[in-house]
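Both backbone and side-chain heavy atoms feed into the values below; hydrogens, waters and symmetry mates do not. Note on naming: letters A, B, ... go to the chains in the order of the sequence lines (proteins, then strands), and numbering restarts at 1 for each one.
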Amino acid sequence: MDFKSEVALLLSNATGLTRDAVYSAIEIPPQRELGDYAFPCFLLSKTLRKAPPVIAKELSADPALTAEWIEKVQAAGGYVNIYIDHGQFSKVILTDLLSKGRDFGKTDEGAGKTVIVEYSSPNIAKPFHVGHAFTTVLGHSLSRIYETLGYKVVRMNHLGDYGTQFGKLITAFRLWGDETALRETPIKELLRIYVKFHEEEKIHPELTQDARDNFKRLESGAEEETALWSAFRELSLKEFAIIYDRLGVQFDNYNGESFYSDRIPAVVDMLTSKGLLIDSEGAKVVMLDEYKAPPCIILKSDGTTIYASRDIASVLYRWDTYHFYKNIYVVGSPQALHFKQVFSVLDKAGYECARDCVHVGFGLVKFADMKFSTREGNIVVLDDLLNESIAKTYEIIKANALTRNTEISEEEIRDISVKVGIGSVIYTYVKSGRERDIIFSWEEMLDFEGDTAAYLIYTYARTRSILRKAADLGIVSAAAGEDCLSLLSSEDEYEVARLICDFPDAIKKAQNSNEPFMVARQTSQIARAFNRFYNNSSILSGTDEHQKRARLGLCEAVCTVISIGTNLLGISVVERM
RNA sequence: GCGCUCGUAGCUCAGGGGAUAGAGCGACCGCCUCCUAAGCGGUAGGCCGACGGUUCAAUUCCGCCCGGGCGCACCA
């Protein structure tokens, strides 16, 4: 039973408005004292030609607005405030959750639809930095959110694995490469020779031509060059795999730029045959004035292709292969124009699927007083960030275990540190709207009392601890549908139930706007409400058996929701901390 | 110059036509003989960047301006 839509039904009967119209007009009052649902009467004042407060008064006395779960209906200014029976509300929502368990929030609204999520997409032979982590974390979370709503998700890692830099790498490796180093620390070695190439190039300009020739040979499939390129790619990928493993991320395929390169000529042919390709300053472009965008370059003046052409090829390939419902690109906001151009070109060429392509942008990653021994330039490598976070988390947990004198093994402390340390980094990426720049600050992200992963994980561990204790005491949690659940009618208990009730909706909103933070926010609100309840009420030490079992049921419900929420964000929880 | 985006509490961020604008951090004051005090409560703190417009109602929508960020053809 959905209380809001039941309220809408009653109001619809009383007012003559459609149920949908009422449903969308219903508000949640700003103060608890004002009831649980409110209907603003302003929109009726014109047709009824009465003042809103008058309408509210009349409506609140309407016999149509009665039900056994409605406590009272009260007019307040231009609003009709509806007070529902909190115990019954709690029982209904907890019954729903307890019967579904980890499936709570799942729907099949996406059944039969395929969503492609392109994310992560690092460059081969380059370090994986904190910007890559942003797309990786977002894309991973979005994938899980879509899956929860029944969509089939294809996770694509569009690797930067092609282009003239590979000619340079081949040249450089033949001159200065170290086989052993390449195998041990591939990216470090590749970066080393890449940097050396650029230094040497200044003194020996002939290297540039050699690199170009190598890339040309690679493009035409020459055996030696292809073998080297392939080795660079595979070894880099092996190193990325370690990072993905740490983040708990996986992909369905790694079709990068190289994969699409031989599909570009078809794009050029298609655009040519449709008469969209125009000569401009030596390059071939598609004009996009009607889309209020600058021309999109398809072929450079030297006749070679450019990233826009590759992205167009990839959309067409994906459409042919998956007939996607949505094709999502989790790529930094600065590339907004590029995607607008790519999608516009496809739209202009008559491809309807262009409208189902969406660029999900995100902001910059910044640091507040963090000292990193940055290896190259001012990029921060993700591994360094994770290691540092884990180390600092370890110190905090270790210190706390000592002061609290808990018996906890060194091994377990290490395990908790890894999960909380990595979770803290992930949470920083998903705690606010993705378009915002984010700032890493140890003080903030590792504050165990703030809006952080640690707080969330701690709350989860706390619910687990209570559930374990209850099992020891032989107290059985209330099951779905049990009447004792309606004992959960206090302010604190109702607040938790209400927030849990909104959780599935938060997942849908997150999907709709491609904003994982909506799940993060709802989850953290539930955790906070639970801690308030925990602080004010004793769960296991009461005298009323029914109440104990009901409260334990609430505890179990919160445990389940936090576990679902953190899982959707890609954060791991621990049994105790 | 054009385009996109943002401007809300000291800081980091939610909200998004409607009833007294919220949360976390920080500051101040409190709460453990009791299930994890890594918790909780309270207080202080806002002309929601400025000005106009639409509306019964604007922090929210529209316009203009100011300020920050980003992007504007052969890199990705």
Under 3.5 Å, which protein N or O atoms sit close to an N or O of nucleotides 25-30 of chain B? Give each pair with its distance.
unit_1: B:C25; atom_1: OP1; unit_2: A:E449; atom_2: O; d: 3.2

For RNA chain B, the residues among residues 531-542 of chain A that have a non-hydrogen atom under 4.0 Å from it: A:N531, A:R532, A:Y534, A:N535, A:S537, A:S538, A:I539, A:L540
Closer than 4.0 Å, any side-chain N/O of A:K431 to the OP1 or OP2 of B:C13? no
For a quick check of understanding: with a heavy-atom distance under 4.0 Å over all strands, which category does A:A51 fall into, base, sugar-phosphate or nothing? nothing
A:R521 side chain near B:A23 phosphate (N/O to OP1/OP2, under 4.0 Å): no
Name the closest nucleotide to the A:N81 side chain, picking from B:A19, B:G71, B:A76. B:A19
Between B:G24 and B:C66 - P atom distance, rounded Å: 38 Å
Protein-nucleotide distance (A:D161, atom CG; B:C75, atom P), rounded to Å: 19 Å
Need one value for A:I306: base, sugar-phosphate or nothing, where a base atom within 4.0 Å counts as base even if backbone is also close, heavy atoms only. sugar-phosphate
Is the glycosidic angle of B:C31 within 90° of 0, making it syn, or outside that range, making it anti? anti
Please classify the nucleic acid contact of A:R310 as base, sugar-phosphate, or nothing, using heavy-atom distances under 4.0 Å. sugar-phosphate
For the pair made of CZ in A:R464 and P in B:C35, what is the distance, rounded to whole Å? 19 Å
Secondary-structure notation, RNA chain B, from Watson-Crick and G-U pairs under 3.5 angstrom (| other strand): (((((((..((((....[...)))).(((((.......))))).....(.(((..]....))).))))))))....
Would you classify A:A454 as touching base, sugar-phosphate or nothing, given that sugar-phosphate means primed atoms plus P, OP1 and OP2, and contacts are heavy atoms under 4.0 Å? nothing
Should A:Y455 be listed as having a side-chain N or O under 4.0 Å from OP1 or OP2 of B:U36? no
With a 4.0 Å cut-off on heavy atoms, is A:A461 in touch with a base, just the backbone sugar-phosphate, or nothing at all? base
What's A:E257 touching, base or sugar-phosphate or nothing? Going by heavy atoms closer than 4.0 Å. sugar-phosphate
Indicate yes or no for a side-chain donor-acceptor contact from A:R318 to the backbone of A:N327 under 3.5 Å, with no hydrogens or angles considered. no
Could you check whether A:I397 gets within reach of a base, just the sugar-phosphate, or nothing at all, counting any heavy atom under 4.0 Å? base
Contact class for A:P294 (heavy atom, under 4.0 Å): base, sugar-phosphate, or nothing? sugar-phosphate
What nucleic acid atoms does A:D302 come within less than 4.0 Å of, heavy atoms only: base, sugar-phosphate, or nothing? nothing
Taking for each residue the nucleotide of RNA chain B bearing the nearest heavy atom, is the 5' side occupied by A:S333 or by A:P52? A:P52
Would you indicate what A:G363 reaches in the nucleic acid, counting non-hydrogen atoms under 4.0 angstrom: base, sugar-phosphate, or nothing? nothing
pair A:R32-A:E491: side-chain heavy atoms closer than 4.5 Å: yes
Check every strand shown and say whether A:S280 touches a base, only sugar-phosphate, or nothing at a heavy-atom separation below 4.0 Å. base
So, A:F42 and B:A57: ring centres less than 5.5 Å apart, planes less than 30° off, yes or no? no
So, is A:R551 near the phosphate of B:C35, with a side-chain N or O under 4.0 Å from OP1 or OP2? no
